[in-house]
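Okay, so here's the structure we're looking at.
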Amino acid sequence: MAQLPGAAVDFARFLAGLTARLDRRSGWLAVFLERDPDGMRACLAGSELPPWDVVDALLQDLAADQGAAAARTEAATARTLHAAATAAHDAGPGAAAALAGRLDGMLREQRYAAERLQELTAHRATATTQEAAAALDVDLAWAEDDHRRATARCAELRARSDALATPAAAVPAPAPAAPERPAKQAKPRKRPRGGARFAGIAGEAAEPPQPPAPVAPAPAAAVRGARFAGVTDPAEEPAPSRPGPEDAHAAGGAVAHLHALRAQGRGGEAHVLLAELAGWPAPRLPLLAAELHRAGLAADWATLLWEVAALPPAGLVAAADALAAAGRGADARQLLRQGVARPAPEIADALHLLTGDGRDRQARALAGAYLAVRSPEDAAGVARSDPDRLVPLLLDAARGVSEERHWDLVHAFRVAGVLA
């Protein structure tokens with residue numbers, strides 16, 4: 001530990017002290033030790049940093065064992081030390097590429113968890129015995145936990161990547177600890193099987209089983225406007241089509257249904273509904289955003305954005321365009337940032353699709369979002385598939401990020417042999 005950053009050592013010592021006060025045979029600590037003992041050891045040694053949701057869960061254990069007052073005292077220390085350790089980990093060489101790789105893997109875990117929820121919910125609806133239904137309820141609870149944690153970890157990794165892309169930005173504070181929330185979660189039952197490794201820190205070995213091919217979503221409307229990601233020039237391209245009364249009615253009905261599912265504690269079905277809404281025509285997305293916030297379901301809006309970010313490129317572009325046209329530029333930019341957390345070949349395919357369809361402005365916006373959060377080396381991997389078309393596009397987009405990013409990209413292209 002002597003070679004580790006001081007902040008990482010401090011947090012590792014705090015974590016070791018916290019776990020020493022807990023019963024290793026019960027609670028979340030027992031779950032983490034069972035599911036990923038190697039990852040837990042790495043976190044206790046300081047060589048890896050646990051996601052905040054793991055720290056939060058351990059604080060829940062402490063609250064259950066020693067009372068909420070003890071957990072509140074430790075929560076303040078945990079937040080401070082975790083933020084400092086995060087900054088130390090992300091200050092190291094290659095941090096941006098490492099975060100991008102982990103985000104890729106975590107997005108796959110999130111999608112797998114959503115598909116697992118859909119599968120289990122369908123099985124639960126056809127259960128023929130009380131015993132089968134009870135077993136599926138347990139599996140559904142764990143699948144919901146997997147999806148909730150994957151979503152939180154994607155957001156945490158995205159925030160860390162954004163902080164690296166904007167050096168002046170402060171390291172985002174972790175979410176409040178569970179003892180400070182009004183609702184108290186029950187102690188977990190032993191997980192019967194499956195699911196992601198607790199820390200999300202391992203490489204290829206931590207990837208979930210490959211999910212089945214996703215069901216094709218409903219076709220997105222052919223929205224092309226020039227206001228994609230907040231870029232406006234109505235003289236050049238027509239504005240996106242406006243949603244009609246039937247779209248408003250559908251959005252209101254869907255959110256009312258979602259609200260009822262949440263109120264009844266039917267989280268699995270709620271996740272399935274959100275996955276279905278992600279495939280709706282793009283002009284309905286701003287309507288869903290407004291209805292979800294009006295209903296107090298802002299967290300579900302964040303989940304819906306993650307689901308939309310996983311759409312094929314055409315759907316992603318249409319959705320971001322519709323959000324920007326409706327005045328939700330911040331959501332459009334967030335969707336773009338989430339959507340570029342894909343392997344380089346997929347980004348290259350998306351840029352080919354956009355430029356081939358004459359949507360050069362949208363291609364530049366997507367390329368700019370990619371360059372703002374991914375390394376120049378990653379961008380070289382994108383350009384390698386078609387240097388003649390993609391090198392000029394990426395260099396032009398890099399100038400829109402910063403002059404420094406442009407010259408970093410020129411150097412990376414030359415090293416990769418895609419630019420003379």
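Residues take their numbers from the sequence shown, with the count starting at 1. Being a predicted model, the structure only gives us computed values, none of them experimental.
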Would you mind reporting whether [Y] and [X] have side-chain heavy atoms less than 4.5 Å apart?
{"X": "D65", "Y": "L62", "value": "no"}
{"X": "L393", "Y": "D386", "value": "no"}
{"X": "L107", "Y": "R111", "value": "yes"}
{"X": "W280", "Y": "L285", "value": "no"}
{"X": "V308", "Y": "L277", "value": "no"}
{"X": "M40", "Y": "T19", "value": "yes"}
{"X": "D378", "Y": "Y370", "value": "yes"}
{"X": "L49", "Y": "T86", "value": "yes"}

Would you list the atom pairs, donor with acceptor, under 3.5 Å between side chains in residues 269-276 and any protein atom, with sequence neighbours excluded?
residue: E269; atom: OE1; partner: R266; partner atom: NH2; Å: 2.8
residue: E269; atom: OE2; partner: R266; partner atom: NE; Å: 2.9
residue: H271; atom: ND1; partner: H147; partner atom: ND1; Å: 3.3

Below 4.0 angstrom, N of the basic side chain to O of the carboxylate: do [X] and [Y] qualify?
{"X": "R116", "Y": "D146", "answer": "no"}
{"X": "D360", "Y": "R364", "answer": "no"}
{"X": "R108", "Y": "D104", "answer": "no"}

Working note: R405 + R399, criterion side-chain contact (heavy atoms from CB on, under 4.5 Å); need CA distance, chi angles, decisive distance, verdict.
CA-CA 7 Å; R405 179 50 57 96; R399 289 190 183 94; over 6 Å; no
From [X] [atom1] over to [Y] [atom2], what is the distance, rounded to the nearest 0.5 angstrom?
{"X": "L58", "Y": "D56", "atom1": "CG", "atom2": "CG", "result": "9.0 Å"}
{"X": "I347", "Y": "L390", "atom1": "CD1", "atom2": "CG", "result": "11.0 Å"}
{"X": "T151", "Y": "L305", "atom1": "OG1", "atom2": "CG", "result": "11.5 Å"}
{"X": "R361", "Y": "D321", "atom1": "CZ", "atom2": "CG", "result": "11.0 Å"}
{"X": "D408", "Y": "F413", "atom1": "CG", "atom2": "CZ", "result": "11.5 Å"}
{"X": "H406", "Y": "L371", "atom1": "NE2", "atom2": "CG", "result": "10.5 Å"}

Atom of [X], atom of [Y] and distance for their closest heavy-atom approach:
{"X": "G368", "Y": "V401", "answer": "O-CG2, 3.8 Å"}
{"X": "A320", "Y": "A332", "answer": "O-CB, 3.5 Å"}
{"X": "A78", "Y": "V55", "answer": "CB-CG1, 4.1 Å"}
{"X": "A12", "Y": "A45", "answer": "CB-C, 4.1 Å"}
{"X": "L304", "Y": "L288", "answer": "CD2-CD1, 4.2 Å"}
{"X": "A143", "Y": "L117", "answer": "CB-CD2, 3.7 Å"}

Take a 6.0 Å sphere around CD of Q264 and say whether it holds more than 12 heavy atoms from other residues, nucleotides or ligands.
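Above 12, so yes.
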Tell me, with the steps shown, if V9 and R13 meet side-chain contact (heavy atoms from CB on, under 4.5 Å).
CA-CA 6 Å; V9 174; R13 288 173 176 163; 3.5 Å; yes
R21: partners by side-chain hydrogen bond (donor to acceptor under 3.5 Å, both in side chains), with sequence neighbours left out:
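Per chain and number, R21 pairs via side-chain hydrogen bond (donor to acceptor under 3.5 Å, both in side chains) with Q66, E74.
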Please check: side-chain N/O of [X] versus main-chain N/O of [Y], any donor-acceptor pairing under 3.5 Å?
{"X": "T73", "Y": "A69", "value": "yes"}
{"X": "S402", "Y": "A398", "value": "no"}
{"X": "D61", "Y": "L22", "value": "no"}
{"X": "S385", "Y": "A348", "value": "no"}

Worked verdict on W142 versus V31 for side-chain contact (heavy atoms from CB on, under 4.5 Å):
CA-CA 11 Å; W142 282 112; V31 173; 4.1 Å; yes
Please enumerate all residues that pass side-chain contact (heavy atoms from CB on, under 4.5 Å) together with H293, with sequence neighbours excluded.
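So H293 forms a side-chain contact (heavy atoms from CB on, under 4.5 Å) with A298, W301, R328.
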With A369 via side-chain contact (heavy atoms from CB on, under 4.5 Å) - residues at least two apart
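Residues passing side-chain contact (heavy atoms from CB on, under 4.5 Å) with A369: L336, V340.
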Before you tell me yes or no, could you show the steps for R158 and L99 under side-chain contact (heavy atoms from CB on, under 4.5 Å), namely the whole-Å CA-CA distance, both residues' side-chain angles and the distance that decides it to 0.1 Å?
CA-CA 8 Å; R158 177 86 280 141; L99 285 173; over 6 Å; no
Salt bridge (charged side-chain N to carboxylate O under 4.0 Å, His left out): pairs with one or both residues in residues 280-307, sequence neighbours excluded:
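For residues 280-307, and leaving out neighbouring residues, the salt bridge (charged side-chain N to carboxylate O under 4.0 Å, His left out) pairs sorted by first residue read D247-R284, R262-D300, E291-R294.
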Steps toward salt bridge (Lys or Arg N to Asp or Glu O under 4.0 Å) verdict (E377, R384):
CA-CA 11 Å; E377 292 75 20; R384 191 174 288 113; over 6 Å; no
Within 45° cone of W28 ring axis and under 6.0 Å: R149 NZ or CZ
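Relative to the ring axis of W28, which defines the angle, R149 lies inside both limits.
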With distance as the sole criterion, is a donor-acceptor pair present between the side chains of T355 and R389 under 3.5 Å?
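Short answer, yes.
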Go through the structure and list residues passing ring-ring contact (aromatic ring centres under 6.0 Å, His included) with F11, not counting sequence neighbours.
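Once residues adjacent in sequence are excluded, the partners of F11 under the ring-ring contact (aromatic ring centres under 6.0 Å, His included) criterion are H82.
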